[in-house]
Amino acid sequence: MGAGNDIGYEEMMVSLYDMAVKATANAYAPFSGFRVGAALLAESGRVYSGVNVENSSYGATICAERTAFVKAISEGERRFVAIAIAADAEEPTESLPCGICRQFMYEFAPDIYVITGKDRDHLNVRKLEELLPLGFVLDKQEV
């Protein structure tokens, strides 16, 4: 499954993915029918779930990854370790973050692990920099 063969690491990645799968039940996807869930692991050890929330004004739709990040950030989290993303679709599908989500995550966690897969037995673990090699962050004051 990628970096490290440590059983604790493997179990944590699968557990995080399972949480993302569970979150898909709360997605609001009346237009696409493509329900996505995310589970974001903060450095504090807390996990924040997120789902995609579609809108009649398609541009107002928010992805599961950003929902999870916004929840965590609004609770004071600023450091993140990993995020798992799962889709509830007719056919097993690996759901990768869209470009906006990749850049959004890069703002807070350029070194985060991104866990995706068609199911819990076929996971891929990548560093965000593999998915967004030229992400950027503007100079900012520490908040």
Side-chain angles (χ1 to χ4, degrees), residues 1-29 31-55 58-143:
M1 190 171 65
N5 290 327
D6 177 36
I7 275 297
Y9 169 84
E10 298 265 339
E11 288 174 355
M12 187 268 296
M13 295 297 174
V14 171
S15 177
L16 207 57
Y17 183 80
D18 288 345
M19 288 182 228
V21 169
K22 184 177 178 184
T24 64
N26 293 325
Y28 179 74
F31 307 106
S32 72
F34 192 73
R35 303 165 67 82
V36 181
L40 174 63
L41 175 62
E43 198 173 86
S44 68
R46 288 188 62 191
V47 176
Y48 297 85
S49 64
V51 298
N52 60 320
V53 180
E54 294 179 349
N55 190 275
Y58 292 129
T61 294
I62 185 167
C63 300
E65 301 91 314
R66 284 182 284 147
T67 299
F69 264 86
V70 168
K71 285 172 67 176
I73 291 161
S74 70
E75 294 297 320
E77 301 283 3
R78 294 293 186 271
R79 297 183 186 278
F80 304 97
V81 178
I83 187 168
I85 306 154
D88 179 10
E90 288 184 26
E91 295 291 323
T93 302
E94 180 177 21
S95 184
L96 293 164
C98 73
I100 292 171
C101 286
R102 292 175 194 200
Q103 178 57 47
F104 191 94
M105 291 188 294
Y106 196 90
E107 178 85 14
F108 298 96
D111 295 325
I112 197 169
Y113 288 97
V114 179
I115 305 157
T116 60
K118 289 185 177 186
D119 59 48
R120 71 189 317 261
D121 296 320
H122 299 94
L123 296 181
N124 294 303
V125 180
R126 301 173 182 96
K127 293 286 267 190
L128 179 58
E129 65 189 11
E130 293 177 63
L131 298 174
L132 186 69
L134 298 174
F136 67 95
V137 176
L138 299 175
D139 288 338
K140 57 188 173 191
Q141 294 182 354
E142 190 63 32
V143 290

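Not counting sequence neighbours, Arg46 has no partner by the salt bridge (Lys or Arg N to Asp or Glu O under 4.0 Å) test. In this structure Ala27 satisfies the side chain to side chain contact (heavy atoms under 4.5 Å, CB included) test together with Arg35, Val51, Asn52, sequence neighbours excluded. Under the side-chain hydrogen bond (donor to acceptor under 3.5 Å, both in side chains) criterion, Glu54 pairs with Ser32, not counting sequence neighbours. For the salt bridge (Lys or Arg N to Asp or Glu O under 4.0 Å) test, no residue two or more places apart in sequence or in another chain qualifies with Asp119. Residues forming a side chain to side chain contact (heavy atoms under 4.5 Å, CB included) with Ser15 (at least two apart in sequence, or on another chain): Met19. Taking the salt bridge (Lys or Arg N to Asp or Glu O under 4.0 Å) definition, one finds that Glu75 meets it with nothing, sequence neighbours left out. Not counting sequence neighbours, the partners of Ala60 by the side chain to side chain contact (heavy atoms under 4.5 Å, CB included) test are Asn55, Ser57. Looking at residues two or more places apart in sequence or on another chain, you find no ring pair (Phe, Tyr, Trp, His ring centres under 6.0 Å) involving Tyr28. Annotation: ring pair (Phe, Tyr, Trp, His ring centres under 6.0 Å) contacts of Phe80 (sequence neighbours excluded): Phe69. With sequence neighbours left out, the side chain to side chain contact (heavy atoms under 4.5 Å, CB included) criterion links Thr67 to Ile62, Lys71.
Here the straight-line distance linking atom CZ of Arg120 with atom CD1 of Ile115 works out to 12.5 Å at 0.5 Å rounding.
Among pairs with a residue in residues 102-111, those fulfilling salt bridge (charged side-chain N to carboxylate O under 4.0 Å, His left out) read Glu107-Lys140, at least two apart in sequence or across chains.
Other residues, nucleotides and ligands place more than 12 heavy atoms under 6.0 Å from the CG atom of Leu96.
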Got a list of side-chain donor-acceptor pairs under 3.5 Å for residues 129-137, not counting sequence neighbours?
| unit_1 | atom_1 | unit_2 | atom_2 | d |
| --- | --- | --- | --- | --- |
| Glu130 | OE2 | Lys127 | N | 3.0 |

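The side-chain heavy atoms of Phe34 and Ser95, taken from C-beta on, include a pair separated by under 4.5 Å.
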